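Residue numbers begin at 1 in each chain, while the letters A, B, ... track the order of the sequences. On a predicted model such as this, the values are computed, not experimentally measured, just so you know.
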Number of protein chains: 2
Amino acid sequence: MEIAHTDDGPSDLESVAAGDHVAVVLEELATLAVRQVSTPRDISLTAVSTLAHLDRNGPTRLTALAVEQAVSQPSMTQLVQRLEREGLVCRRTDRRDARATRIALTEAGRKLLGDRRSRRRERLAMLLDEMSPEERRALVHAAETFLPLLHRLLAGSPAP
Amino acid sequence: MEIAHTDDGPSDLESVAAGDHVAVVLEELATLAVRQVSTPRDISLTAVSTLAHLDRNGPTRLTALAVEQAVSQPSMTQLVQRLEREGLVCRRTDRRDARATRIALTEAGRKLLGDRRSRRRERLAMLLDEMSPEERRALVHAAETFLPLLHRLLAGSPAP
DNA sequence: AGGCATTACATAAGCTTCCTATGCAAAATC
DNA sequence: GATTTTGCATAGGAAGCTTATGTAATGCCT
């Protein structure tokens with residue numbers, strides 16, 4: 001293969017070496033995350049993520065939600081129908097555009113998010129409580145260092 | 001709520017504070033990982049993970065694979081049938097136990113894993129190549145610090 | 001204003017991957 | 001040797017996603 005973009009030969013070698021390290025970590029990380037997240041207790045990942053978006057950004061159009069969650073528009077239609085049936089969101093027809101509907105979080109939806117957050121918070125606190133204060137500080141620091149770098153890394157990554 | 005386990009009051013408070021930080025990072029991490037991973041390019045996550053297990057551990061019983069991947073036995077039966085149809089694994093009946101079948105990786109399966117790895121390796125190297133050497137080193141260091149701590153954190157976590 | 005393309009969403013049909021319930025043969029146990 | 005257990009297969013079904021298509025409202029253009 002010929003990756004001949006610029007003249008940074010040595011940098012490229014370093015990148016490969018670093019990649020071997022990072023790849024292992026990323027793989028494990030992905031496995032952990034998927035194991036933790038992709039086992040829906042009662043509601044799907046996309047559903048929670050959508051509710052969270054509505055909580056942060058207020059009423060949003062269906063198509064915008066689909067783009068945000070990187071799913072097709074029909075998928076989001078289905079999801080919203082489910083969430084509406086469960087009383088977690090409600091639709092408001094846009095006054096200015098009779099085609100569009102603005103999806104909004106209901107009180108029940110907000111409560112569900114809150115409950116999930118506090119449960120996770122408790123659980124995490126219990127786990128952290130079993131670590132020593134040094135470990136805890138180290139974890140917080142490592143997490144805060146790692147995340148922006150990971151974002152930086154994936155910044156140039158094309159959409160999957 | 002009353003979490004009155006021992007007398008480590010101040011530690012508990014610290015845990016909650018740390019948890020708030022870590023939770024944000026973990027959430028983002030999970031989102032990134034899921035976005036990257038759970039979009040199967042050509043083969044499902046469980047499939048790849050199963051192949052990887054076979055590559056590391058050699059021929060394995062179907063039930064053991066199911067436990068390993070945390071799916072039901074029928075699901076694993078289906079998955080193995082698919083993988084077999086695609087020529088990625090083969091079944092060998094156990095000589096000592098006529099009920100059992102040992103699932104083994106074929107050459108094609110090993111090749112698929114290798115191809116995936118080298119592709120990922122290239123991609124990661126390209127991404128890392130756009131970072132400065134300092135950023136690269138920082139990322140490697142952060143990753144290596146973060147992972148063991150995360151493992152330590154999840155050690156006491158019950159199975160989801 | 002009328003005609004046409006575009007936009008926002010809904011519906012239909014199908015795929016993948018998982019599940020539970022059940023069946024059956026080989027092995028283990030008594 | 002009869003019964004239970006184990007290892008796997010099959011049947012039937014649900015969740016969540018997809019593409020293809022339909023429909024109504026809007027914007028644009030002459």
Side-chain angles (χ1 to χ4, degrees), chain A residues 31 34-54 59-86 88-104 112 159-160, chain B residues 30-31 34-54 59-86 88-104 159-160:
Chain A
T31 302
V34 169
R35 287 272 154 83
Q36 291 281 321
V37 169
S38 81
T39 303
R41 316 192 153 285
D42 48 343
I43 191 173
S44 84
L45 173 63
T46 311
V48 175
S49 181
T50 301
L51 293 179
H53 175 92
L54 291 177
T60 311
R61 289 201 176 171
L62 196 143
T63 305
L65 285 180
V67 172
E68 248 281 320
Q69 301 296 323
V71 298
S72 68
Q73 170 262 310
S75 292
M76 187 50 73
T77 294
Q78 273 189 325
L79 174 56
V80 167
Q81 284 173 345
R82 262 180 286 149
L83 293 176
E84 195 182 11
R85 209 177 306 129
E86 295 167 24
L88 300 176
V89 304
C90 63
R91 329 167 75 110
R92 306 173 184 170
T93 50
D94 195 328
R95 231 176 271 91
R96 285 174 272 190
D97 189 339
R99 300 168 299 179
T101 66
R102 299 174 71 76
I103 318 298
L112 183 141
Chain B
T31 302
V34 170
R35 288 273 155 83
Q36 291 280 323
V37 170
S38 80
T39 302
R41 317 192 151 286
D42 50 344
I43 191 172
S44 84
L45 172 62
T46 310
V48 176
S49 181
T50 301
L51 293 179
H53 175 90
L54 292 177
T60 311
R61 288 201 176 170
L62 196 143
T63 306
L65 284 179
V67 171
E68 247 282 318
Q69 300 297 324
V71 300
S72 68
Q73 169 263 311
S75 292
M76 188 50 71
T77 294
Q78 269 191 327
L79 175 56
V80 167
Q81 285 173 344
R82 259 179 287 149
L83 293 176
E84 195 182 11
R85 208 177 306 131
E86 296 168 23
L88 301 176
V89 304
C90 63
R91 328 167 78 109
R92 305 174 183 167
T93 50
D94 195 327
R95 234 176 269 92
R96 286 174 272 189
D97 190 337
R99 300 169 298 181
T101 66
R102 298 174 70 77
I103 318 298

Report task. Ignoring backbone atoms, establish whether B/Arg82 has a side-chain N or O less than 4.0 Å from OP1 or OP2 of C/dC15. Result -> no

Report task. Going by the side chain to side chain contact (heavy atoms under 4.5 Å, CB included) test, name the single residue among B/Leu54, B/Asp94, B/Thr60, B/Thr93 that passes it with B/Arg102. Result -> B/Asp94

**Report entry** Over all atoms of both residues, closest heavy-atom pair of B/Ala66 and B/Ser72
**Finding:** CB-O, 3.9 Å

Query - No-hydrogen, no-angle side-chain donor-acceptor test under 3.5 Å, B/Ser49 and B/Thr46 - result: no

Query raised in the report: Could you give the CG-to-C1' distance, from A/Leu79 to D/dT18, as a whole number of Å?
Result: 15 Å

Query - Spacing of A/Arg96 atom CZ relative to D/dG27 atom P, expressed in whole Å - result: 11 Å

**Report entry** Rounded distance (Å) that lies between atom C1' of C/dC18 and atom CG of B/Leu83
**Finding:** 15 Å

**Report entry** Heavy-atom side-chain contact between B/Val80 and B/Arg91 under 4.5 Å
**Finding:** yes

Requested in this report: Report yes or no: do A/Gln73 and A/Thr77 form a side-chain donor-acceptor pair below 3.5 Å?
Outcome: yes

**Report entry** A/Ser75 vs A/Ala98, nearer the 5' end of DNA chain D by closest nucleotide
**Finding:** A/Ser75

Query raised in the report: Quick one: A/Met76 CE to C/dT7 P, roughly how many Å, whole number?
Result: 20 Å

Report task. Under 4.0 Å between any heavy atoms, over every strand shown, what does B/Gln78 touch: base, sugar-phosphate, or nothing? Just pick one. Result -> base

Query raised in the report: What does nucleotides 3-8 of chain D look like as a protein-contact string, B for base, S for sugar-phosphate only, - for none, at under 4.0 angstrom between heavy atoms?
Result: ---BSB

Query raised in the report: Would you say the side chain of B/Thr50 lies within less than 4.5 Å of the side chain of B/Met76, judging by non-hydrogen atoms?
Result: yes

Query raised in the report: In whole angstroms, how far is the P atom of C/dT17 from the CG atom of B/Leu65?
Result: 16 Å

Query raised in the report: Between B/Gln81 and D/dT10, does any side-chain N or O lie under 4.0 Å from OP1 or OP2?
Result: yes

Query raised in the report: Quick one: is D/dT19 close enough that its OP1 or OP2 comes under 4.0 Å of any side-chain N or O from A/Ser72?
Result: no

